[in-house]
K.L.:
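Below you will find the structure I want to go over with you.
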Amino acid sequence: MNLSFRILDWDEEKPYELLLMADPSKTIVDEYLSRGVCFIAEYEGEMVGEFVLLKTRPETAEIVNIAVQEELQGQGVGKHMIKEAMEAARRLGCRILEIGTGNSSFHQLKLYQRCGFRITGVDRDFFVRHYEEEIIEDGIRCVDMIRLSVDLNDITDEEKK
């Protein structure tokens, strides 16, 4: 699939349908959107995904939100978007790219590790502390945030594909 990427303009309508798939709190989404850059993935002129990149520390950025239209999940769009996020982080002068996901997000954990990310820690009770509504995925309560990172200088040729 030949995706193109662009940065969402500040005055453009926010793609909440996608953003809220990855993060159910509009308040939290709006907060990091105000500080980060939202990239739009398009296929044949249609928006198929998004990710938000946020510079967090010197030489470090984080993907704080990433989502693909439901009907296109499992077709390589997410992997393509992660590769684009890595390139965007490099352009920002970053060496480390981080991402966090729920303990119940098995498909995402698999994808991130296939792209070279390694688990660096667990933020216990993150989703209990920051979200009023309970989050359930595949019958499992999302409680902890699994933190992962990748050193962009250590990406192997296989992971770049």
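If you read the sequence from its start, that first residue is 1, and numbering goes on from there.
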K.L.:
Taking Thr120 for its side chain and Arg147 for its backbone only, find out whether a donor-acceptor pair lies under 3.5 Å.
P.N.:
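Side chain of Thr120 to backbone of Arg147: a pair is present.
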K.L.:
Do you know the tightest heavy-atom contact between Met81 and Ala67?
P.N.:
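Where Met81 meets Ala67 most closely, the heavy atoms are CE-O, 3.4 Å.
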K.L.:
By side-chain hydrogen bond (donor to acceptor under 3.5 Å, both in side chains), which residues pair with Glu59, not counting sequence neighbours?
P.N.:
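For Glu59 there are no side-chain hydrogen bond (donor to acceptor under 3.5 Å, both in side chains) partners, ignoring immediate neighbours.
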K.L.:
Who passes side-chain hydrogen bond (donor to acceptor under 3.5 Å, both in side chains) against Glu87, sequence neighbours left out?
P.N.:
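Scan of Glu87 (side-chain hydrogen bond (donor to acceptor under 3.5 Å, both in side chains), adjacent residues dropped) gives Arg90.
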K.L.:
Minimum heavy-atom separation for Ile96 and Ser149, please, with both atom names.
P.N.:
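That would be CG2-CB, 4.2 Å.
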K.L.:
How far does CD1 of Ile99 sit from CD1 of Ile63, to the nearest 0.5 angstrom?
P.N.:
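If I round to the nearest 0.5 Å, the distance is 4.0 Å.
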K.L.:
With a 4.0 Å cut-off on N to O distance, would you call Arg57 and Glu62 a salt bridge?
P.N.:
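Salt bridge: no.
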K.L.:
Under a single-linkage definition using a 4.5 Å side-chain heavy-atom cutoff for Ile, Leu, Val, Met, Phe, Trp and Tyr, are Phe5 and Leu97 assigned to the same hydrophobic cluster?
P.N.:
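Linked, Phe5 and Leu97 end up in one cluster.
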K.L.:
Please identify each residue that fulfils ring pair (Phe, Tyr, Trp, His ring centres under 6.0 Å) with Tyr112, with sequence neighbours left out.
P.N.:
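Applying ring pair (Phe, Tyr, Trp, His ring centres under 6.0 Å) to Tyr112 gives none.
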K.L.:
Looking at every heavy atom in both Glu31 and Ser34, which two are closest together, and how far apart are they?
P.N.:
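Answer, listing the atom of Glu31 first, then Ser34: O-OG, 2.6 Å.
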K.L.:
Kindly work out whether a path of hydrophobic side-chain contacts (I/L/V/M/F/W/Y, heavy atoms less than 4.5 Å apart) joins Met86 to Val77.
P.N.:
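They do share one cluster, since a chain of ILVMFWY contacts under 4.5 Å joins Met86 to Val77.
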K.L.:
Atom NZ of Lys83 and atom SG of Cys115: how far apart are they, to the nearest 0.5 Å?
P.N.:
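Between Lys83 NZ and Cys115 SG, I get 4.0 Å after rounding to 0.5 Å.
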K.L.:
Are any of the side-chain heavy atoms of Pro24 and Glu133 separated by less than 4.5 Å?
P.N.:
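The answer is no; the side chains never approach within 4.5 Å.
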K.L.:
For atom CD of Glu71, is the number of surrounding heavy atoms from other residues, nucleotides or ligands below 6.0 Å larger than 12?
P.N.:
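Yes, the 6.0 Å shell around CD holds more than 12 heavy atoms from other groups.
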K.L.:
What's the separation between atom CG in Leu8 and atom CZ in Phe39, rounded to the nearest 0.5 Å?
P.N.:
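Leu8 atom CG to Phe39 atom CZ measures 10.5 Å (nearest 0.5 Å).
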K.L.:
In the hydrophobic cluster built from side-chain contacts under 4.5 Å, what are the other members alongside Ile28?
P.N.:
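Its cluster mates, by chain and number, are Tyr16, Leu19, Leu20, Val29, Tyr32, Leu33, Val52, Leu54, Val64, Phe126, Phe127, Tyr131, Ile135, Met145.
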K.L.:
Tell me whether Glu17 at atom CD has more than 12 heavy atoms from other residues, nucleotides or ligands lying less than 6.0 Å away.
P.N.:
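No, CD of Glu17 has 12 or fewer neighbouring heavy atoms, counting only those of other groups under 6.0 Å.
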K.L.:
If we only count heavy atoms from C-beta on, is the Ile82 to Phe117 side-chain gap below 4.5 Å?
P.N.:
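The answer is yes; the side chains approach within 4.5 Å.
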K.L.:
Is it the case that one hydrophobic cluster holds both Leu92 and Ile7, taking links as side-chain heavy atoms less than 4.5 Å apart, direct or via other members?
P.N.:
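Per the 4.5 Å side-chain linkage, Leu92 and Ile7 are co-clustered.
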K.L.:
Quick check: do Leu152 and Val150 have side-chain heavy atoms less than 4.5 Å from each other?
P.N.:
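Yes; the side chains approach each other to less than 4.5 Å.
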K.L.:
Between Arg129 (side chain only) and Arg124 (backbone N and O only), is there a donor and an acceptor less than 3.5 Å apart?
P.N.:
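Checked: pair present.
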K.L.:
CD of Glu12 to SG of Cys38: how many Å apart, nearest 0.5 Å?
P.N.:
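Atom-to-atom, Glu12:CD and Cys38:SG are 8.5 Å apart.
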K.L.:
Look up atom CZ in Arg118 and atom CG in Asp151, then write down how far apart they are to the nearest 0.5 Å.
P.N.:
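CG of Asp151 is found 11.0 Å from CZ of Arg118.
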K.L.:
Any idea which heavy atoms bring Glu98 and Thr56 closest together, and the distance?
P.N.:
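So the minimum-distance heavy-atom pair works out to OE1-OG1, 4.1 Å.
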K.L.:
So for atom CZ, which belongs to Arg6, do other residues, nucleotides or ligands contribute more than 12 heavy atoms lying within a distance under 6.0 Å?
P.N.:
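Enclosed.
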K.L.:
Are Tyr43 and Phe51 co-members of a hydrophobic cluster defined by side-chain heavy atoms under 4.5 Å apart?
P.N.:
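Linked, Phe51 and Tyr43 end up in one cluster.
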K.L.:
Look at the side-chain heavy atoms of Ile, Leu, Val, Met, Phe, Trp and Tyr, link any pair under 4.5 Å apart, and say whether Ile40 and Leu18 land in one connected group.
P.N.:
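Same hydrophobic cluster.
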K.L.:
Please find the pair of heavy atoms, one from Leu148 and one from Ile146, that lie closest to each other, and give the distance.
P.N.:
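Closest approach of Leu148 to Ile146: CD1-O, 3.6 Å.
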K.L.:
Any donor-acceptor pair under 3.5 Å linking the side chain of Asp9 with the backbone of Asp11?
P.N.:
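It does not hold such a pair.
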K.L.:
For residues Leu3 and Ala41, report the shortest heavy-atom separation together with the two atoms involved.
P.N.:
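In this case the closest contact between Leu3 and Ala41 is CD1-CB, 4.5 Å.
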K.L.:
Hey, what do you get for NZ (Lys55) to OG1 (Thr60), rounding to the nearest 0.5 Å?
P.N.:
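OG1 of Thr60 is found 8.5 Å from NZ of Lys55.
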K.L.:
Give the table of side-chain donor-acceptor pairs shorter than 3.5 Å for residues 102-109, with sequence neighbours excluded, one pair per line with atom names and distance.
P.N.:
{"from": "Asn103", "atom 1": "OD1", "to": "Val143", "atom 2": "N", "distance (Å)": "2.7"}
{"from": "Asn103", "atom 1": "OD1", "to": "Asp144", "atom 2": "N", "distance (Å)": "2.9"}
{"from": "Asn103", "atom 1": "ND2", "to": "Arg141", "atom 2": "O", "distance (Å)": "3.3"}
{"from": "Ser104", "atom 1": "OG", "to": "Glu137", "atom 2": "OE1", "distance (Å)": "2.6"}
{"from": "Ser105", "atom 1": "OG", "to": "Thr101", "atom 2": "OG1", "distance (Å)": "3.4"}
{"from": "Ser105", "atom 1": "OG", "to": "Glu137", "atom 2": "OE1", "distance (Å)": "2.8"}
{"from": "Ser105", "atom 1": "OG", "to": "Glu137", "atom 2": "OE2", "distance (Å)": "3.2"}

K.L.:
Quick one: list whatever passes side-chain hydrogen bond (donor to acceptor under 3.5 Å, both in side chains) with Lys26, sequence neighbours left out.
P.N.:
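By the side-chain hydrogen bond (donor to acceptor under 3.5 Å, both in side chains) rule, Lys26 matches Asp30.
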